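What follows is a set of notes on a single structure, which appears directly below.
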Amino acid sequence: MPELPEVETIVRQLRPRLTGRTVQRAEVRWKRTVSRPSAQQFCAGLAGRRIEALRRRGKFFVFDLDDGRALVGHLRMTGRLFVGRAPDEAFARVVFDLDGGERLVFSDVRKFGRLALVERAEQATGAIGPEPLELDGGWLHAALRARRRRLKPLLLDQTFLAGLGNIYVDESLHRARLHPLRASDRVTRPQAEALAGSIRDTLARAIAAEGSSFDVFYRTPEGQPGAFQDEFAVYGRGGKACRSCGATIRRLVVGQRGTHVCPKCQPAPRHAR
DNA sequence: CAAGACTCCTGACGGC
DNA sequence: TGCCGTCAGGAGTCTT
């Protein structure tokens, strides 16, 4: 599942290849992939537009266009972006013909991914929380205490913090030695500092590794897998030994999400919400 | 306000 | 071998 590090990697790789390019034509092959406006208006609005800049906001990628509007997209589970040929043409949902004869393909097996053409990027991203790469421990402490939520679902909530998904929440909580069921309003200041640090550090290391690829769904636009899955401490490691203490990693379900914890490093809270 | 259920999708996987 | 049920999961919506 592409999360912040994967989207960041994709944007970094696409930036030199797409900046300054013009979209000559857009073709929508699966209408629901375009969330707004209509597929027809989406194509008409993009024709002839030059891509001025590429950036990321949370898990969204944003292409700023020369008319002031923005093409905003979310990969959700299985969305992928390719310049040139898509490995499997059957999953190409939206195809952009660029100047110079190249093309950009939005491919998506499960069809959850979305693209939008909007006046301002915020219209597509909604009011999401701050970026976590420079997360401040003091801010996080205050924000956690202002809510009464379990830590994991709160960290997954994009309106609270933008960019974390199932993998990096589990990894960050383990590194901070906090249990996912811990009540957010019972996190101490030092624990919040540790959590902020582990989130920043986990994301930075994942970006350095160009993201995580443990199934066929995430590849960089260059077609390469990421390498961060080799550094997972808990995610997908249920039944295996914790690398820091040797205890057996457990898999539980929190908020309908597969969740991985080390019972020794992350003791269950007395006051779980 | 918090949390659970349900929905959208399809490939992968376990069971027989 | 092959069919079938179940599951995973980001985020929005609805219900409790």
Side-chain angles (χ1 to χ4, degrees), chain A residues 1-8 10 28-36 39 56-61 72-81 86-94 106-116 118 121-129 132 142-173 179-187 203 206 211-219 229 232 234-239 251-260 269 271-273:
Chain A
M1 308 93 251
E3 304 180 26
L4 186 154
E6 289 75 27
V7 179
E8 180 65 26
I10 289 166
V28 177
R29 298 185 183 174
W30 181 257
K31 285 197 163 49
R32 296 187 63 163
T33 295
V34 174
S35 60
R36 62 194 288 183
R56 176 193 60 72
R57 173 73 175 104
K59 301 179 200 172
F60 292 87
F61 53 87
V72 182
H74 197 301
L75 301 167
R76 292 286 181 91
M77 307 294 300
T78 58
R80 300 168 69 175
L81 285 167
D88 195 334
E89 193 68 18
F91 303 137
R93 307 304 180 194
V94 180
F106 183 83
S107 163
D108 188 11
V109 171
R110 292 187 190 166
K111 302 176 177 172
F112 286 172
R114 292 291 179 264
L115 295 176
V118 289
E122 299 70 41
Q123 293 173 290
T125 64
I128 55 177
L144 290 174
R145 295 186 69 98
R147 310 286 203 102
R148 292 172 160 237
R149 299 273 304 273
R150 297 130 112 201
L151 274 185
K152 173 152 178 172
L154 182 55
L155 294 173
L156 284 174
D157 183 342
Q158 301 299 294
T159 68
F160 182 76
L161 199 58
L164 295 182
N166 209 36
I167 295 172
Y168 298 109
V169 166
D170 280 5
E171 292 296 308
S172 299
L173 285 172
H179 195 279
L181 290 176
R182 188 60 169 279
S184 67
D185 53 331
R186 300 187 73 97
V187 171
L203 294 175
S212 308
S213 305
F214 50 87
D215 58 25
V216 301
F217 293 123
Y218 171 71
R219 292 292 182 276
Q229 66 282 358
F232 285 169
V234 288
Y235 188 81
R237 299 194 68 243
R251 181 184 187 280
L252 45 150
V253 175
V254 177
Q256 287 98 242
R257 292 261 141 58
T259 298
H260 311 78
H271 304 280
R273 294 214 68 87

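Predicted, not measured: the structure shown is a model, and the values here were computed from it. Proteins come first, then strands; the chains are lettered A, B, ... in the order of their sequence lines, and each starts at number 1.
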Considering just the side-chain nitrogens and oxygens of [X], establish if one lies under 4.0 Å of OP1 or OP2 belonging to [N].
X	N	answer
A:Gln158	C:dA11	yes
A:Arg257	C:dG10	yes
A:Tyr235	C:dG9	yes
A:His74	C:dG10	no
A:Arg149	B:dC1	no
A:Arg251	C:dA8	yes

Angle class for the A:Phe232/A:Tyr168 ring planes (parallel below 30°, perpendicular above 60°, tilted otherwise)?
perpendicular

Can a donor-acceptor pair be found, under 3.5 Å and without considering hydrogens, that links the side chain of [X] to the backbone of [Y]?
X	Y	value
A:Gln158	A:Leu164	yes
A:Arg57	A:Ile128	yes
A:Glu171	A:Val234	yes

Integer-rounded Å distance: [N] [atom2] and [X] [atom1]:
X	N	atom1	atom2	result
A:Trp30	B:dC9	CH2	C1'	9 Å
A:Phe91	B:dT10	CZ	C1'	8 Å
A:Asp108	B:dC9	CG	C1'	9 Å
A:Leu252	C:dA8	CG	P	12 Å
A:Asp185	B:dC1	CG	C1'	12 Å
A:Arg114	B:dC8	CZ	P	12 Å
A:Arg93	B:dC9	CZ	P	10 Å
A:Arg80	B:dG11	CZ	P	14 Å

What's the closest nucleotide to the [X] side chain, out of [options]?
X	options	answer
A:Arg110	B:dG4, B:dT10, C:dA11	B:dT10
A:Lys111	B:dT10, C:dA11, B:dA2	B:dT10
A:Arg147	B:dA2, B:dC9, B:dG4	B:dA2
A:Arg32	B:dA2, C:dG9, B:dC8	B:dC8
A:Gln256	C:dG9, B:dT10, B:dG4	B:dG4
A:Val109	C:dA11, B:dA2, B:dT10	B:dT10

Considering every strand and a 4.0 Å limit on heavy-atom distances, what is the contact class for A:Tyr168: base, sugar-phosphate, or nothing?
nothing

Quick one: label A:Arg76 by what it contacts on the DNA or RNA (base, sugar-phosphate, nothing), any heavy atom closer than 4.0 Å.
base

Between A:Phe106 and A:His74, which heavy-atom pair has the shortest distance, and what is it?
CZ-O, 4.0 Å

Check A:Ala162 against A:Leu4 and note the closest heavy-atom contact, atom names and distance.
O-CD1, 3.9 Å

A:Phe112 over C:dG10, stacked by centroid distance under 5.5 Å, angle under 30°:
yes

